**Q** 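Questions regarding the structure given below will be posed in turn.
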Amino acid sequence: MHDPGITTLELLCYALTDLTHRSTYPIEDLLAGPAAPGADDVLFTARRALPNRPLTVRDYRKLLVDLPGVRNAWLEPQPEPCLVDSNSCVVYRTDPGLPGLRPFALRGLYTVLLELEDGVGDIQREALRHAATGCLQANRNLGEDFVGVSEVPRQPFALCGELELAADADVARVEAEVLWRVQQYLAPPIRRYTLDEMLARSGPNGHPCTAAEIFAGPALDHGFIDDRELDDARLPDAVSLSDVIRIAMAVPGVLAVRDMLISPLDADQSPSNKWRVPVAAGHQPLLRPSGSRLVHYKGHLPVAADSARVAEWRTRLAVPAAAETETGDLPVPVGRHRHVTRYTSFQHHYPAVYGLAEVRPDQLDDERYTAIRQLQAYLLFFDQILANYLAQLGAARRLLSADPTAAHSYYAQAVVPPSLSAGATAEPPSAALIEPASAYAAGAIAQLATIVEGDPSRAGERRHRFLDHLLARFAERFHDYAAMTASRFPATAAELIAAKCAFLRSAPESGAARGLGAALPPSGEEDSWETENISGLA
């Protein structure tokens, strides 16, 4: 009065739900477990996988500011006027006096301006300029070059004003803080953050910064730089007096600003518009305390600030160089080993009437015993497929690896069906469906793996598909190179697999350097022919 086909189908579907559930484990859990050779070669940390070599002006500024002793840096386009012969496509930097030449501007050239930390001596200045030049050349984009590295010229400014203070305000501290904050406004510093500080900050959209945003741009050695702060620390073209007044009003102890004026010390006459004071092009404004004068009032009485204490307070407020900030990294997530390969035969779930488990052979007649054994052997094929599925899932760490010696693309494992001899003293050897576990593991597993793997050429195709999947995660493809190698050279499948694995292991570096050009050697040095100094794409 029952349907064994429906019973078997329902139990198989139940077993499939378990397989599906294990497939939805987090990827870090599926990759956890005993290490396999080469398995971690494509599990890169954030610092190795996400950064790229400098590509934009912002990237170059980050790279230069990361040099110890450099406080800020700017890149200014410097197009060079040239002449071109449209017929011969020859470019001349000077006029050769030939007819038919057309002028044009050669783009892709930049001048670099550096702001150095306070207290840097003349010898250190020259060394820093040399280091900046070498850093730029080692990270030069294709079609771009740097025509000069120099210190940014500074334009001195003076601040004059009258401030009304609270009765308990420290006059020296207030004056020092007003001068310090105004200087910070004129030349904003660039702070270096730790990884934890960056993770706690909010991005432009108001959400916490992601790893991709934090590690965007070049990999720095001394902390992280916020893109918004870097963009704000630009060379200004004018100083707004309203901003200066707002800054002074925000200093604790200042009740009101009676009058205030900021003006350049090197100007022949006062600016025509005191509310917007222009800054010389390509110059950095610098507030000179010795040329500034602030008058303080407490009530109606003027109060003078002690110059020695003002200098002391300015020393306290000075921001030290943050070159020692360490750049952190986000490690590869460590999962929990779930032992996904463990498999228990679904035959254990059959109703007792089927006699598949916990039945004593001596309680059955020969016909019944043979029928149960036949059903068990038939179901063993389904057991083997389900167990192999979990073996394949448990081998994810080996399948998704860049190990060129990985021999398998399909995995199998042994299945032990329910024993009919439960509670019996012995069972005839002829009645066993499989050999004892020890012998089975020693001999049949290797044969089973060979059977499951199948045709070696098809196994190689599957291994290539796994590697192609990993390459696609780096937006890379290897088909053109593989086809060219196979047609021009006697490359074997194993050699192509080894080439893909080597390419995968170097994918972060080759991808990050794709836009680089060869470093231009200084005048008089040998060129880069037959050296490692080649373009990133090559």
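Small disclaimer: the values here were computed from a predicted structure and weren't measured.
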**Q** Tell me which pairs pass salt bridge (Lys or Arg N to Asp or Glu O under 4.0 Å) where either residue lies in residues 129-138, with sequence neighbours left out.
**A**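 Residue pairs passing salt bridge (Lys or Arg N to Asp or Glu O under 4.0 Å), neighbours aside: Glu126-Arg129, Arg129-Glu151.
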**Q** Tell me whether Tyr92 at atom OH has more than 12 heavy atoms from other residues, nucleotides or ligands lying less than 6.0 Å away.
**A**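 Atom OH in Tyr92 is packed in, count exceeds 12.
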**Q** Any donor and acceptor pair, going by atom type alone, linking the side chain of Arg71 with main-chain N or O of Glu117 inside 3.5 Å?
**A**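 Not a single qualifying donor-acceptor pair exists.
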**Q** Give every residue pair that meets the salt bridge (Lys or Arg N to Asp or Glu O under 4.0 Å) criterion with at least one member in residues 57-66, sequence neighbours excluded.
**A**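 Sorted pair list: Arg58-Asp227, Arg58-Asp231, Lys62-Asp227.
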**Q** Taking Asp365 for its side chain and Arg368 for its backbone only, find out whether a donor-acceptor pair lies under 3.5 Å.
**A**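 Side chain of Asp365 to backbone of Arg368: a pair is present.
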**Q** Could you verify whether a donor N or O on one side chain and an acceptor N or O on the other, from Asp403 and Ser401, lie under 3.5 Å apart?
**A**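 Distance-only check fails for Asp403 and Ser401.
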**Q** Just jot down the side chain to side chain contact (heavy atoms under 4.5 Å, CB included) partners of Leu12, sequence neighbours excluded, or say none.
**A**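 With neighbours one apart ignored, the set is Thr8, Phe346, Phe382, Leu386.
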**Q** State plainly whether the residues Arg201 and Glu213 are in salt-bridge range, i.e. N to O under 4.0 Å.
**A**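 No, this pair does not count.
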**Q** More than 12 heavy atoms of other residues, nucleotides or ligands under 6.0 Å from OH of Tyr14: is that the case?
**A**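 For Tyr14, atom OH is not crowded (no more than 12 foreign heavy atoms under 6.0 Å).
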**Q** Please check if the distance between the ring centroids of Phe224 and Phe215 is under 6.0 Å.
**A**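 Ring centres of Phe215 and Phe224 closer than 6.0 Å.
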**Q** Show every side chain to side chain donor-acceptor pair (under 3.5 Å) that has at least one partner inside residues 75-86, sequence neighbours left out.
**A**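 Counting only pairs at least two positions apart or across chains, the side chain to side chain donor-acceptor pair (under 3.5 Å) contacts touching residues 75-86 are Glu80-Arg93, Asp85-Ser88.
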**Q** Side-chain donor-acceptor contacts of residues 469-477 below 3.5 Å, not counting sequence neighbours, with atom names and distances?
**A**
{"from": "His469", "atom 1": "NE2", "to": "Arg473", "atom 2": "NE", "distance (Å)": "3.0"}
{"from": "Glu476", "atom 1": "OE1", "to": "Arg514", "atom 2": "NH2", "distance (Å)": "3.1"}
{"from": "Glu476", "atom 1": "OE2", "to": "Arg514", "atom 2": "NH2", "distance (Å)": "2.5"}

**Q** Do Gln413 and Leu390 have side chains that get closer than 4.5 Å, going by heavy atoms?
**A**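 They are in contact (side-chain heavy atoms under 4.5 Å apart), so the answer is yes.
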**Q** Would you please indicate yes or no on a ring centroid separation below 6.0 angstrom for Tyr60 and Tyr110?
**A**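 No - the distance between ring centres of Tyr110 and Tyr60 does not fall below the 6.0 Å cut-off.
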**Q** Provide the closest heavy-atom pair for Ala73 versus Val65 in the form atom of the first, atom of the second, distance.
**A**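 Smallest interatomic distance, heavy atoms only, reads N-CG2, 4.0 Å.
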**Q** Do side-chain atoms of Gln137 reach the backbone of Ala518 as a donor and acceptor pair under 3.5 angstrom?
**A**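 A pair under 3.5 Å: no.
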**Q** Quick one: which residue pairs count as a salt bridge (Lys or Arg N to Asp or Glu O under 4.0 Å) with a foot in residues 334-353, not counting sequence neighbours?
**A**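 Qualifying pairs: Asp29-Arg338.
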**Q** Checking Glu453 against Ser409 for the side chain to side chain contact (heavy atoms under 4.5 Å, CB included) test, could you report, in this order, the C-alpha distance in whole Å, the side-chain angles of both residues, the deciding distance, and whether it holds?
**A** CA-CA 7 Å; Glu453 192 70 58; Ser409 59; 2.5 Å; yes
